[in-house]
Amino acid sequence: MQTITFEDYKNAIKAKYEEEKNGEYSNNLNSPTAANLRNLCVKRFDTNNNQDDLIAFKSFFDFPFDRNKKNLFGEDELNKLEAVKRFFLGKTENPAEDTIQLAAILVDLQPRPFNEYRKQLSAEEKKLIEELRDTTPPPKKETSFNTLIDIIEEDDSLKVEEVEQTQSLESEIAPIPIATFVATGKPTKSRMIIYAVVTAFSAGLAIMIYFAFFQKQCMQWSNDHYEKVSCDLEVNGLGSFNIVEPFDKTVFDLKKIKVCDTTPFFNTNGEAIVWYGKTANGIDFFNGHGRHPENNSPLRPVTRYILNKYVKK
């Protein structure tokens, strides 16, 4: 069963956006300006009592939704909604998680948030795979020994009986009878080649089985980056601070970085390329979005306010 990723969740939100552009709130979404998204936000939350949605609102705007003050969206809030606009229009590749969650609410994606989306989609996919497994006949085995017959036919010294024995390998993969390759007198070059090919094939098959079923990959946060580790480390009890997690290539490249006043914080379009997360000891900066590996809080794109407050000049 394939794992539903956060990238799948983002693609589902974009697909729902394209659908909603022609729906009830087309006036807000056909031209997703910050002002139009603000108005849509008020409409969505005016009767919304979903706790996950309210938490997402507070995480995005840094204050809870208040129906009595729903028109008091200032300039800072409008600037924040620009990130949602860029996501809808496909102008940003790595939006912050808070931006994604608010976008899901504005287009009313169901289910949400990501954890609920992943659970439901995974269950449906599992059911589909099980149905296909019950109705689809097992695939026919394909032999990889056809080339051996060509080699054998080139050696006039090999007996016809040995050719027939080798051909039987095409129908099943089984231990190779020694008699197939042993003949009276000195072994021929063809027999040695056949034995080498079969040995290499068996070794390759064993390696593939090992990596497919036995070699598991996990990762663990180490100081300022993720490292690949054995999943057995989780059993050994290394403590709860650096938790051993299943390997996730979407977050494996996340790194904590040191910044200064000369660090490039924005790209040529003015979009943040550095994210930050607050901790009990201050603030940490990272090279990508996601969650803080040490306290699981969502990372946010840097702003001029954050840089003026925390970055020494």
Side-chain angles (χ1 to χ4, degrees), residues 3-10 13 51-64 76 79-80 83-84 86-87 92-105 112-119 217-229 231 233-234 237-261 263-267 271-312:
T3 301
I4 302 300
T5 66
F6 197 71
E7 192 67 27
D8 297 324
Y9 186 58
K10 291 196 298 184
I13 295 172
Q51 289 303 309
D52 287 329
D53 289 354
L54 294 174
I55 291 172
F57 181 97
K58 183 177 181 180
S59 179
F60 185 85
F61 290 109
D62 289 328
F63 61 83
D76 288 342
N79 288 338
K80 289 182 178 181
V84 181
R86 291 194 297 270
F87 170 68
T92 178
E93 295 182 358
N94 297 307
E97 184 175 340
D98 289 347
T99 300
I100 299 300
Q101 301 295 11
L102 186 68
I105 297 170
R112 63 174 187 265
F114 172 61
N115 285 337
E116 294 301 320
Y117 177 85
R118 176 171 56 184
K119 290 177 185 177
Q217 284 189 337
C218 287
M219 63 184 187
Q220 184 181 48
W221 183 254
S222 176
N223 190 27
D224 60 356
H225 66 284
Y226 280 107
E227 293 182 350
K228 288 183 180 181
V229 298
C231 295
L233 290 178
E234 189 171 20
L238 294 181
S240 59
F241 183 74
N242 289 342
I243 300 174
V244 176
E245 309 172 46
F247 180 78
D248 186 348
K249 64 179 182 180
T250 62
V251 300
F252 182 73
D253 292 330
L254 183 69
K255 290 182 175 63
K256 187 189 298 185
I257 60 176
K258 294 182 179 180
V259 301
C260 62
D261 58 342
T263 300
F265 292 97
F266 305 94
N267 61 19
E271 299 173 347
I273 57 176
V274 174
W275 279 255
Y276 73 94
K278 294 183 178 180
T279 68
N281 299 322
I283 191 169
D284 292 328
F285 292 94
F286 294 84
N287 66 340
H289 67 87
R291 288 188 172 274
H292 198 298
E294 295 172 2
N295 59 25
N296 202 37
S297 62
L299 301 180
R300 299 176 181 177
V302 296
T303 61
R304 298 294 180 186
Y305 172 79
I306 292 295
L307 297 182
N308 291 334
K309 184 175 181 181
Y310 292 101
V311 179
K312 297 181 178 179

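This is a predicted model, so every value here is computed, not measured. Every heavy atom of this structure was used, including side-chain atoms; hydrogens, water molecules and symmetry mates were not.
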K.L.:
With sequence neighbours left out, what residues match R300 under salt bridge (charged side-chain N to carboxylate O under 4.0 Å, His left out)?
P.N.:
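With sequence neighbours excluded, R300 shows a salt bridge (charged side-chain N to carboxylate O under 4.0 Å, His left out) to D62, D98, given in chain and number order.
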K.L.:
Answer yes or no: is there a side-chain heavy-atom contact under 4.5 Å between I283 and I306?
P.N.:
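Touching, per the 4.5 Å side-chain cut-off.
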K.L.:
Counting only N and O atoms by type, is there a donor-acceptor contact under 3.5 Å from the side chain of N287 to the main-chain atoms of D253?
P.N.:
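Checked: pair present.
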K.L.:
CZ of F252 to CD of E227: how many Å apart, nearest 0.5 Å?
P.N.:
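Reported value, rounded in 0.5 Å steps: 7.5 Å.
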K.L.:
List the residues meeting salt bridge (charged side-chain N to carboxylate O under 4.0 Å, His left out) with K58, not counting sequence neighbours, and say none if there are none.
P.N.:
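Per chain and number, K58 pairs via salt bridge (charged side-chain N to carboxylate O under 4.0 Å, His left out) with no residue.
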K.L.:
For A272, does its backbone N or O pair with a side-chain atom of N94 as donor and acceptor, under 3.5 Å?
P.N.:
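Here the side-chain-to-backbone pair does not exist.
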K.L.:
K10 versus P95: any side-chain heavy-atom pair under 4.5 Å?
P.N.:
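K10 vs P95: side chains touch.
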K.L.:
Give, for atom CZ of F6 and atom NE2 of H289, the distance between the pair rounded to the nearest 0.5 Å.
P.N.:
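Separation between the atoms: 7.0 Å.
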K.L.:
Could you check whether atom NZ of K256 has more than 12 heavy atoms from other residues, nucleotides or ligands sitting under 6.0 Å from it?
P.N.:
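Yes - once you tally the heavy atoms of other residues, nucleotides and ligands closer than 6.0 Å, there are more than 12.
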K.L.:
M219 and V251: side-chain contact (heavy atoms from CB on, under 4.5 Å), yes or no, with the steps?
P.N.:
CA-CA 10 Å; M219 63 184 187; V251 300; 3.4 Å; yes
K.L.:
Could you tell me whether the side chain of T5 and the main chain of D8 form a donor-acceptor pair under 3.5 Å?
P.N.:
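Indeed, once roles are kept as given, a pair shorter than 3.5 Å links the two residues.
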K.L.:
Nearest 0.5 Å please: distance from the CH2 atom of W275 over to the CG atom of D284.
P.N.:
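One gets 16.0 Å once the value is rounded to the nearest 0.5 Å.
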K.L.:
Would you give the length of the straight line joining atom NZ of K228 to atom SG of C218, rounded to the nearest 0.5 angstrom?
P.N.:
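Reported value, rounded in 0.5 Å steps: 11.5 Å.
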K.L.:
Quick one: are I105 and R112 in side-chain contact, heavy atoms under 4.5 Å?
P.N.:
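SC-SC contact between I105 and R112 confirmed.
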K.L.:
Using side-chain heavy atoms (C-beta onward) and a distance below 4.5 Å, is V311 in contact with Y276?
P.N.:
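In short, these two side chains do not touch, never coming nearer than 4.5 Å.
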K.L.:
With a 4.5 Å limit on heavy-atom distance, are the side chains of Y9 and I100 in contact?
P.N.:
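Yes, at least one pair of side-chain atoms sits under 4.5 Å.
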K.L.:
When you measure from the centre of the six-membered ring of F61, is the NZ or CZ of K80 closer than 6.0 Å and no more than 45° off the axis?
P.N.:
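Cation-pi check for K80 and F61: fails.
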K.L.:
For residues L299 and G288, report the shortest heavy-atom separation together with the two atoms involved.
P.N.:
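Scanning both residues, the minimum pair turns out to be CD1-O, 3.5 Å.
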K.L.:
Measure the CH2-OH distance between W221 and Y226 for me, rounded to the nearest 0.5 Å.
P.N.:
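Going from the CH2 atom of W221 to the OH atom of Y226 covers 6.5 Å.
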K.L.:
Among F285, F266, F286, whose side chain to side chain contact (heavy atoms under 4.5 Å, CB included) with V274 holds?
P.N.:
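Of the listed options, the one satisfying the test is F285.
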K.L.:
Between K258 and D224 (salt bridge meaning N to carboxylate O under 4.0 Å), is one present in this structure?
P.N.:
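Judged by the 4.0 Å cut-off on N to carboxylate O distance, K258 and D224 do not form a salt bridge.
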K.L.:
For I13 and A104, which heavy atoms make the closest approach, and how far apart are they?
P.N.:
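Taking every non-hydrogen atom into account, CD1-CB, 3.7 Å.
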K.L.:
In terms of side-chain heavy atoms, does T279 have a donor or acceptor partner in N281 at a distance below 3.5 Å?
P.N.:
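Absent: no donor and acceptor within the cut-off.
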K.L.:
Taking all non-hydrogen atoms of both residues, which atom of P64 and which atom of F57 are closest, and how far apart?
P.N.:
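Closest pair (atom of P64, atom of F57, distance): C-CE2, 3.8 Å.
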K.L.:
Any chance you could measure D76, atom CG, to T303, atom OG1, to the nearest 0.5 Å?
P.N.:
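Here the interatomic distance stands at 9.0 Å.
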